[in-house]
Novice: 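Take this structure first; my questions come after.
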Amino acid sequence: MARGVFDLSQTSDVVTWNVMMSGYNRIKKFIESIKLFDEMERKGLLPTSVTLVLVLSACSKLKDLDYGKRVHMYVKECRVEPSLMLENALIDMYAACGKMDLALEIFRNMKTRDVISWTPIVAGFTNVGEVDLARKYFDQMPERDYVSWTAMIDGYIRVNQFKEALALFREMQTSNIKPDEFTMVSVLTACAHLGALELGEWIKTYIDKNKIKNDVYVGNALIDMYFKCGNVEKAQRIFKEMPRIDKFTWTAMILGLAINGHGEEALDMFSEMLKASIAPDEITFIGVLCACTHTGMIDMGRKFFTGMASQHGIEPNVAHYGCLVDLLGRAGHLKDAHEVIKNMPMKPNSIVWSALLGACRVHKDVEMAEMAAKQILELEPENGAVYVLLCNIYAACKRWENLRKLRQLMVDRGIKKTPGCSLIEMSGIVHEFVAGDQSHPQSKEIYSKLDEMTRDLKFAGYSPDTSEISLDVGEEDKETALNRHSEKLAIAFALFSSGSRVTIRIVKNLRMCVDCHRVAKLVSKIYNREETLNLESMVQSSFYFMAGTRNGTDNTSMGHRMKSYSTPHHQNLGAKMKLNALKTSDIWSADLVHSQFKPHRIYS
DNA sequence: GTAGGGTTAG
């Protein structure tokens, strides 16, 4: 390369400079490209349209708006013929820098547009969080290729609309557009968040069968997907088989092991990462702290926290403080956790306070809970979850008067609670339940299975833990309310509709209640004893959200498997959700490329 | 010699 630069200084052949710049872009040395452009200007060399496209591409990647504008000025002043390619490059540059108004100005004034003019507009809007606008342009596109589809799918993922992302992937399949490795990464990410293991496995097969480039990004996404779906073994297998790994791979491994309750293995991974001379980043430390929290290693966690800055030169950010609060709080060190918040160098955000509030709930500290809740509501007055959590704590501590007042306050302020819902993938169809749900066509069977389950549980010594039911009513009514929780409906549904050796995997949007957690544990236990033959394997790996409890840590570590993600409000489910009924086996049936989906209803 | 999309937490 040095030789190339030397030669360049001798030549005034612009094409040679272009080749050089293109080479820098390809190896992602965008700053070098810009330097070359500077040098050309100094030498008075006249850049061609290609030169400008290349330097704009570099500006776009670097999000260097100022330099991009300078190049744009140059285009205007020197009256370079605005080719389609050059205009596309300008759109891309402005869109990448978040200047959608400027991007659109060029877009609207174009005489002809191709698919590359549209895609940066779509991607640009998703980058600034305007996913609906992005979709508007996406729908208007006269033609779409795999890049445009992937950009839109990825847009949904950025705003946590994973089900919409999968629905769009399904549409892409039916539109005969072949996905590539970029698409696969996006879809796997959505699977990870939804706990959709079946679809994730299908994607893995698809990649293998269609010879899609299995690069390090794909490997990392697979690892993440398997871990988030609770399948530790398969995640580890992918890790072992990857020919090339990077710091994201290590981070995914550390975090994945941590959230599945393998805290010590996670820390072993961290040591190996350091041994391999891969520098950890701030996210890696999230995983490390998470591992300590899940395994109850308080002192270890503190040590890593202080070591971040002193040994690795990474200043803890607000998220790390959140982890530290979580670590101390879960272990019952509420005062220490509070001290951490009081002394942290930046303003605590609602997540930090929520960690403390969650700990107050576990350890039933009403006063501190009230204080934490107040702090959160100052930051986020619309945070309905806080009210609910505080209600739970009042109920658990039998503070009925406080509870009554708080409920009134919720009504007065028009607080809407996010409905808790449980999601379960069964034969490739995603079923969704809310508390007391009777809309499922097999509702009758579900409730009778639920009764049967409760009988079995009681026989095994279970008594419902009604402490978190925030109704000031008789115990019997509380039990009924408990019994209708969405996760129990999902469990009952899973028990009668899946084969005996099938793992039950449930994803929730909110933190699970204490009682449901106990029921989940007991169900696997008693069905294990009574039906060893049929249910053994299910019990071994079932209720993946309980993986953390298998290692001896108890319910303090749960809630972590309950991945929070945004669920569309139930009122809007209808049309959107219908697309979400991905029937994996149907996709599978054809040659794994373009097959038709049967329409399925989603029950909300 | 030429443009667009990708991974990690709470």
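What you see below is based on every heavy atom in this structure, not just the backbone, and it leaves out hydrogens, waters and symmetry mates. Below, read A as the first sequence line, B as the second, and so on, with proteins coming before strands; counting in each chain starts at 1.
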Novice: For Y226(A) and E201(A), does a side-chain donor sit closer than 3.5 Å to a side-chain acceptor?
Specialist: yes
Novice: Have a look at E181(A) and say if it touches a base, only the backbone sugar-phosphate, or nothing, with a 4.0 Å heavy-atom cut-off.
Specialist: base
Novice: Using a heavy-atom cut-off of under 4.0 Å over every strand shown, decide if K213(A) touches base, sugar-phosphate, or nothing.
Specialist: nothing
Novice: What are the two closest non-hydrogen atoms of V325(A) and L356(A), and how far apart are they?
Specialist: CG1-N, 3.8 Å
Novice: Taking CG from L324(A) and P from dG10(B), how many angstroms apart are they, rounded to a whole number?
Specialist: 15 Å
Novice: Base, sugar-phosphate alone, or nothing: which one does V53(A) contact when heavy atoms must sit under 4.0 Å apart?
Specialist: sugar-phosphate
Novice: Any side-chain N or O of K228(A) under 4.0 Å from OP1/OP2 of dT8(B)?
Specialist: no
Novice: Measure CD1/I238(A) against P/dT8(B) and give the value in whole Å, please.
Specialist: 16 Å
Novice: Please report the C-alpha distance between E378(A) and K347(A) in whole Å, then the side-chain angles of each, then the deciding distance to 0.1 Å, and finally whether the salt bridge (Lys or Arg N to Asp or Glu O under 4.0 Å) criterion is met.
Specialist: CA-CA 13 Å; E378(A) 263 170 37; K347(A) 194 172 157 21; over 6 Å; no
Novice: Could you check whether S186(A) gets within reach of a base, just the sugar-phosphate, or nothing at all, counting any heavy atom under 4.0 Å?
Specialist: nothing
Novice: Nearest to the side chain of D224(A), heavy atoms from C-beta on, is which of dG5(B), dA9(B), dG4(B)?
Specialist: dA9(B)
Novice: What nucleic acid atoms does I116(A) come within less than 4.0 Å of, heavy atoms only: base, sugar-phosphate, or nothing?
Specialist: base
Novice: What does R26(A) touch in the nucleic acid at a heavy-atom separation under 4.0 angstrom: a base, only the sugar-phosphate, or nothing?
Specialist: sugar-phosphate
Novice: Mind checking if V115(A) touches a base, just sugar-phosphate, or nothing, with heavy atoms under 4.0 Å?
Specialist: base
Novice: Check whether Y67(A) forms a cation-pi arrangement with R70(A) (NZ or CZ under 6.0 Å from the six-membered ring centre, at most 45° off the ring normal).
Specialist: yes
Novice: What's the closest nucleotide to the A151(A) side chain, out of dT8(B), dG5(B), dG4(B)?
Specialist: dG5(B)
Novice: Hey, does the side chain of T249(A) come within less than 4.0 Å of dT8(B)'s phosphate (OP1/OP2), counting only N and O?
Specialist: no
Novice: In whole Å, I'd like the distance from the CD1 atom of I121(A) to the P atom of dG5(B).
Specialist: 12 Å
Novice: So which nucleotide from dG10(B), dG1(B), dG5(B) ends up closest to the side chain of I351(A)?
Specialist: dG10(B)
Novice: Using the side-chain heavy atoms of S57(A), tell me which of these nucleotides is nearest: dT7(B), dG5(B), dG4(B).
Specialist: dG4(B)
Novice: For I157(A) and dT7(B), give me the distance from atom CD1 to atom P, rounded to whole Å.
Specialist: 8 Å
Novice: Quick one: label A319(A) by what it contacts on the DNA or RNA (base, sugar-phosphate, nothing), any heavy atom closer than 4.0 Å.
Specialist: base
Novice: Taking only the side-chain heavy atoms of F248(A) (C-beta and beyond), determine which of dA3(B), dG5(B), dT7(B) contains the nearest atom.
Specialist: dT7(B)
Novice: Given side chain to side chain contact (heavy atoms under 4.5 Å, CB included), test Y146(A) with F182(A) step by step and report yes or no.
Specialist: CA-CA 9 Å; Y146(A) 59 101; F182(A) 284 69; over 6 Å; no
Novice: Provide, to the nearest angstrom, the distance between the NZ atom belonging to K204(A) and the P atom belonging to dT7(B).
Specialist: 20 Å
Novice: Is D326(A) paired with R330(A) through a side-chain N to carboxylate O contact shorter than 4.0 Å?
Specialist: yes
Novice: From C-beta outward on I286(A), which listed nucleotide comes closest to its side chain: dT8(B), dG5(B), dA9(B)?
Specialist: dA9(B)
Novice: So, does the side chain of D180(A) form a donor-acceptor pair with the base of dG5(B) at under 3.5 Å?
Specialist: yes
Novice: Give the rounded distance in Å between these two atoms: CG of L54(A) and P of dA3(B).
Specialist: 6 Å
Novice: Base, sugar-phosphate or nothing for N349(A)? Non-hydrogen atoms, less than 4.0 Å.
Specialist: nothing
Novice: May I have the distance from L168(A) (atom CG) to dG5(B) (atom C1'), rounded to whole angstrom?
Specialist: 13 Å
Novice: Any side-chain donor paired with an acceptor under 3.5 Å for D246(A) and T249(A)?
Specialist: yes
Novice: Rounding to a whole Å, what distance do you find between L84(A):CG and dA3(B):C1'?
Specialist: 9 Å
Novice: May I ask you to verify if any side-chain N or O of K247(A) is less than 4.0 angstrom from the OP1 or OP2 atom of dT7(B)?
Specialist: no
